[in-house]
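Notes to accompany the following structure.
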Amino acid sequence: MTILPVIIFILVFVPSIVLIVSMPYLTKETISFGVTVSAVQFLSEPLRQMRRSYARISAILHTILFIVGILCLIYSDEHSKQVSWIIIFYSLAMLVISLVINFRYHLKMKSVLSMLPSAPESSVIGMEPGLRKGNVGLPSHWFLIHAVIIVVSIVTVLRNYDLMPDQLPVHFNGSWTVDRYVDKSYSIVFIPTIMQVLGTLLFIYEYWRMRRGKQQVREDLTYRRAWSNFMITASFLFVILLSVVQLNMISLLNINFVIPVVLIITAFIILYACTLTYWAGQRESR
């Protein structure tokens, strides 16, 4: 096993783990595990303990999973499809663990909310008139476009499956020349489809969380609108990217077209997120 996949694995997933573990400390003080609270409640001892507990459990579980992923990569056969499957299963396991932990703490947060200290009347943030029903970004039916693209990709693969070569390209070297092939199978050609579905569901979940909270101030509305639009736009580009990769796998697109598209879409999503982070900040604060 060469060291390059391990290095890439570390560079990609270590920052993700740090972000996941730190998430309760990065959100605004009016939101705790997806539940609207006052600043007094956010700083109360029960919620301090919940944040510490969340960070500790997340760090332990994701560290164990990360070590298992590294060991699997080290002892895998670089000339087989093992590396791809390891990364896919690791990503799915990471996603499931994060969602389960977040959902558990969301329910726990709702159960302890009534027992938290009340904020002084003067310190409670009033909701500006008309904000609750304000426009908070693109409507959710835009996600139907994602579903249409996924269905079209599935139909295209099924219609062209018998025409595909028996060996499918799955890896390229530094010169963008194919250096690894795998035997054609439905499990291989539909890997991008599985990732499209799971990724879209994650974006929908974050979109739903972004829209459902109470809107308290106009800056909060701006923040929610900006990030709601990002969820739809980024997920759309994510679906397009994987469709392009899938069409290349079944030899319907040339690699000289695929590479620029993949790089441009990836760079745009990252720059879009970084720009919003700087411009919108964390709700009504930086």
Side-chain angles (χ1 to χ4, degrees), residues 8 12-13 15-16 19-20 81 84-85 87-96 98-99 102 136-161 164 168-172 176 182 184-212 224-277:
I8 295 175
V12 171
F13 289 111
S16 302
L19 182 63
I20 290 172
K81 57 185 179 182
S84 299
W85 280 113
I87 294 176
I88 290 172
F89 280 117
Y90 176 86
S91 301
L92 295 179
M94 189 177 184
L95 173 63
V96 170
S98 299
L99 290 178
N102 275 279
V136 289
L138 297 172
S140 58
H141 63 248
W142 280 90
F143 282 106
L144 293 176
I145 299 178
H146 303 50
V148 171
I149 295 174
I150 294 173
V151 171
V152 170
S153 297
I154 293 174
V155 172
T156 302
V157 171
L158 293 176
R159 287 173 60 89
N160 291 274
Y161 187 79
M164 298 178 200
L168 299 177
V170 294
H171 191 269
F172 301 86
W176 299 109
V182 297
K184 178 179 69 174
S185 67
Y186 284 106
S187 62
I188 292 297
V189 297
F190 280 118
I191 286 177
T193 302
I194 295 173
M195 296 178 66
Q196 283 176 322
V197 173
L198 293 175
T200 301
L201 290 176
L202 178 60
F203 275 110
I204 291 175
Y205 171 73
E206 292 297 333
Y207 171 88
W208 170 77
R209 286 212 314 167
M210 191 66 61
R211 290 174 62 96
R212 70 184 295 270
R224 293 154 61 84
R225 181 185 296 123
W227 282 103
S228 296
N229 291 342
F230 171 81
M231 297 302 168
I232 292 180
T233 305
S235 59
F236 171 77
L237 293 174
F238 176 76
V239 169
I240 292 293
L241 184 151
L242 289 173
S243 291
V244 168
V245 171
Q246 189 175 50
L247 292 177
N248 174 70
M249 289 176 59
I250 62 179
S251 302
L252 292 181
L253 287 179
N254 188 281
I255 186 62
N256 293 326
F257 170 79
V258 172
I259 293 173
V261 170
V262 170
L263 294 177
I264 291 172
I265 290 178
T266 304
F268 180 81
I269 293 175
I270 294 174
L271 291 175
Y272 190 179
C274 292
T275 301
L276 279 188
T277 301

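Here, residue 1 is the first one in the sequence, and each next residue gets the next number.
Rounding to the nearest 0.5 Å places CD1 of Ile264 at 12.5 Å from CD1 of Ile269. From Ile149, atom CD1 reaches atom CD1 of Ile240 across 3.5 Å, with rounding to the nearest 0.5 Å. Expressed to the nearest 0.5 Å, how far CD1 of Ile145 lies from CD1 of Ile150 amounts to 12.0 Å. A distance of 10.5 Å separates CG in Leu95 from OH in Tyr205, rounded to the nearest 0.5 Å. Of the inter-residue distances, the one linking Phe190 atom CZ with Gln196 atom CD reads 10.5 Å to the nearest 0.5 angstrom. The distance from the CG atom of Asn102 to the CD1 atom of Ile20 is 8.5 Å, given to the nearest 0.5 Å.
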### Query
Yes or no on side chain to side chain contact (heavy atoms under 4.5 Å, CB included) for Leu241 and Val261, after CA distance, side-chain angles and deciding distance?
CA-CA 7 Å; Leu241 184 151; Val261 170; over 6 Å; no

### Task
Evaluate the side chain to side chain contact (heavy atoms under 4.5 Å, CB included) criterion for residues Phe13 and Ser91: first the C-alpha distance (whole Å), next the side-chain angles of each, then the deciding distance (0.1 Å), finally the verdict.
CA-CA 9 Å; Phe13 289 111; Ser91 301; 3.5 Å; yes

### Task
Before giving the answer on side chain to side chain contact (heavy atoms under 4.5 Å, CB included), spell out for Ile232 and Phe203 the whole-Å C-alpha distance, their side-chain angles and the decisive distance to 0.1 Å.
CA-CA 7 Å; Ile232 292 180; Phe203 275 110; over 6 Å; no

### Query
What's the verdict on side chain to side chain contact (heavy atoms under 4.5 Å, CB included) for Tyr272 and Leu237, showing C-alpha distance, side-chain angles and the deciding distance?
CA-CA 12 Å; Tyr272 190 179; Leu237 293 174; 5.8 Å; no

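Considering every non-hydrogen atom in both Gln246 and Val189, the closest pair reads NE2-O, 2.7 Å.
Contact check for Leu202 versus Leu99: side-chain heavy atoms found under the 4.5 Å cut-off. Under the 4.5 Å side-chain criterion, counting only non-hydrogen atoms from C-beta, Thr266 is not in contact with Phe238.
Residues in residues 148-157 take part in these side-chain hydrogen bond (donor to acceptor under 3.5 Å, both in side chains) pairs, two or more places apart or across chains: Ser153-Ser243.
Ring planes of His146 and Phe143: tilted class, angle from 30 to 60°.
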